[in-house]
2 protein chains.
Amino acid sequence: MKKNASLVDVARRAKVNISTVSRTINQTGKIGMDTQERVLRAMRELGYKPNRVARRLRARGSSSFLLGLIIPNIQNIFFADLARGVEDVAYRSNYAVLLCNYDEDEAKERFYLDVMQLESVDGIILPPIHEEDPAVLQVVRNGTPVVCVDRSLARGGLDKVEVDNHLGALRAVEHMIAQGHRRIGLIGGPADSSTGKERTRGYKDAHLQAGLPLKTELMRFGDFKQESGRTLAHELLGLTDPPSALFVCNGLMTAGALEAIAARGLKIPRQVGIVGFDELPLAEVFNPPLTVVRQPAYEVGKCAAELLLKRIEDRQRPTTSLKLHPELILRKSC
Amino acid sequence: MKKNASLVDVARRAKVNISTVSRTINQTGKIGMDTQERVLRAMRELGYKPNRVARRLRARGSSSFLLGLIIPNIQNIFFADLARGVEDVAYRSNYAVLLCNYDEDEAKERFYLDVMQLESVDGIILPPIHEEDPAVLQVVRNGTPVVCVDRSLARGGLDKVEVDNHLGALRAVEHMIAQGHRRIGLIGGPADSSTGKERTRGYKDAHLQAGLPLKTELMRFGDFKQESGRTLAHELLGLTDPPSALFVCNGLMTAGALEAIAARGLKIPRQVGIVGFDELPLAEVFNPPLTVVRQPAYEVGKCAAELLLKRIEDRQRPTTSLKLHPELILRKSC
DNA sequence: CCAGGCAAGGCAAACGTTTGCCCCCGCTTG
DNA sequence: CAAGCGGGGGCAAACGTTTGCCTTGCCTGG
């Protein structure tokens, strides 16, 4: 149980006061060149590393080098990519990341939000659980920098990074229509999530533009989980006049829909076409390869972390909101 | 920038000393019932939450409620599942998890190991970068509890949770042989990783058991990344006497091999069979569905976290090492 | 020659806990 | 009646930093 060297040890060795050591480390205050030399040497000799905990305790609200990231579920590849983006830029600036999964559970979100504050993180990145998230607003009021990703908050005037969900859905469904599909089933997301709503809006607008009627019986809404994709696809494909193609609003539900299609022995794209939101790991080698809307998840995380770092440096800077473009990847499933 | 209530505030409100408050919270020391009541009420009224940073600073080596998890890459679904397992049991015990990706990069691993110690985490879970990992050994010597997952350390006498890689590979290749394959290509992992070695050993033992010769030209070794899976599959399938089936030693490389197979227009399983280590998201709905060796990733994380929590409570307890069984999921690709 | 200024660096408080030590008081025991 | 004891709770140090303020000595301008 060897203890790390502390400021005191370094100070003793360099024959200066601890404040001098602190100041040479942080480049704050006036210290003579020769003294700095001595201090630096002592640090090197002792292998000194500043204690992050003590630093955070003292220096409330700056330079604690810890970022919080709260996401629904790391098992969702979209969020894994996003997390990776965050971590990479954090690492480059010597920040570490406290990662939590809240599972769309408000109690859990609240718990983790508390943890983040009690850990005095420098800032938090998260997709709010819904558009009016009082817990998040509270955190913001406390003065902790927050950046929203993927989903956004109605109020609060926060930095945010989103994907243009409307555009992505619009392009996808336009393409489906261009392929000759007239009855397109929608497997949408929850109506109270901004992503769910926007994608549905894209689906509808594509129909409107093409002068196609919207049929309620072709529009179903799930919870972004695989199970609901399967169930809803079965419902749609079991209709007496089933859709000739399916537009599925996220990756997990797409996997579910694919299950249903396989179970019914339907051939893609001949008997049923499918386009899903989110790139999937095996999509390219799937048989047939899957046409998807790829979200730039990594970039979302990267941009969010960059924004957060900037805000930590300058809390007065005007808030910026980024909208990244998804990409329709044309393959063979529709 | 409203500050949280502190011990001092609670003490003032309950008209007691801060030590009394601390002791009622931690159930340490003798405090009268009525005093406890007063303190508890004051805490409730002020919405007091103990400051985790201060607590960690003071109480070195216990109850700081933070676990460290260092993994190669969260984008690898195996580690995402594992991370989720860790987080779920951590959450249940009010622990938070500091997650870092080290990308098989020793400098990065070292950096994060430092961070963990400087953050005074209660314990660390990680797959060591290789079997003799001096940085990890150093951390152990410093007195921080460590649990190895997936891979293990040659020395150190640590708690660990692994998957029976040898068994998994053995069963898979046995099955391939039972299907009539006599020339089975191996796309293996790095020779200096325990997982890579064990799986290769399983491949070899299956051949030995069946009295089949090992052909060097059929055994290739990659780095567990998709790219190398593709390249090596191309090499193997381009042989003048190519293998009739491929055994691929992790998920990412399996995806790569599938790319190569698709590029060559080969039909699975008629022209080439394939079995991969790791379950893949779309494996079940793939055409044909993929036969894989499923690793219980979530359980590995779960067990590791449980072991770590136990060790944090009692540092003297004998070390235990778990070996979880993988499962051969028979589908149609071989 | 002196006041004022500036560079260099020391002193000590503060961040919010935990914890060893001590004190007080009332009761038991011999 | 004195000594001992134990329950209840206060005091203050300590964890390792950062930082406001102060001191010192030297230099410069008037």
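Residue numbers start from 1 in every chain, and the chains themselves are labelled A, B, ... in the order their sequence lines are given, proteins ahead of strands. What you see is a predicted model; the values in this text were computed from it and never measured.
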Go through the structure and list residues passing side-chain contact (heavy atoms from CB on, under 4.5 Å) with B:K323, not counting sequence neighbours.
-> B:E162, B:D164
Applying side-chain contact (heavy atoms from CB on, under 4.5 Å) to B:D192 and not counting sequence neighbours gives B:P190
Would you list the pairs meeting salt bridge (charged side-chain N to carboxylate O under 4.0 Å, His left out) in which at least one residue belongs to residues 93-107 of chain B, sequence neighbours left out?
-> A:R84-B:D103, B:D103-B:K108, B:E104-B:R151, B:E106-B:R110
Tell me, please, which residues at least two apart from B:T24 pass side chain to side chain donor-acceptor pair (under 3.5 Å).
-> none
From D:dA12, C:dG16, C:dT18, pick the nucleotide closest to the side chain of B:N17?
-> D:dA12
Could you state the CZ-C1' distance from B:R52 to D:dC15, rounded to the nearest angstrom?
-> 18 Å
Is there a donor on the side chain of A:R58 or the base of D:dT18 sitting less than 3.5 Å from an acceptor on the other?
-> yes
Name every residue in residues 6-14 of chain B that has at least one heavy atom under 4.0 Å from any atom of DNA chain C, in order of residue number, or write none if there are no such residues.
-> B:S6, B:L7
Could you tell me whether the phosphate oxygens of C:dC15, OP1 or OP2, come under 4.0 Å of any side-chain nitrogen or oxygen in B:N51?
-> no
Are there any protein N/O atoms within less than 3.5 Å of an N/O atom in nucleotides 20-26 of chain D, and if so, which ones and at what distance?
from	atom 1	to	atom 2	distance (Å)
D:dG20	O6	A:R23	NH2	2.9

Pair B:N4, A:Q117: side-chain N/O donor-acceptor within cut-off below 3.5 Å | no
Name the atoms and distances for all side-chain donor-acceptor pairs under 3.5 Å in residues 38-46 of chain A, with sequence neighbours left out.
from	atom 1	to	atom 2	distance (Å)
A:R38	NE	A:A14	O	3.0
A:R38	NH2	A:A14	O	3.2
A:E45	OE1	A:R13	NH1	2.1

Would you say D:dT17 has OP1 or OP2 under 4.0 Å from some side-chain N or O of A:S22?
-> no
Contacts of B:P296 meeting side-chain contact (heavy atoms from CB on, under 4.5 Å) (sequence neighbours excluded), chain-then-number -> B:V163, B:R294, B:E299, B:L324
With distance as the sole criterion, is a donor-acceptor pair present between the side chains of A:N26 and A:T28 under 3.5 Å?
-> no
What residues in residues 29-48 of chain A put a non-hydrogen atom under 4.0 Å from any atom of DNA chain D?
-> A:Y48
Pairing residues for B:Y91 by the side chain to side chain donor-acceptor pair (under 3.5 Å) criterion, not counting sequence neighbours | none
Residues which pass side-chain contact (heavy atoms from CB on, under 4.5 Å) with B:T320, listed by chain and number, not counting sequence neighbours | B:D159, B:L307, B:R317, B:L322
Divergence of helical axes at both termini of the helix from C:dC1-D:dG30 to C:dG30-D:dC1 - five pairs an end, 10° steps | 60°
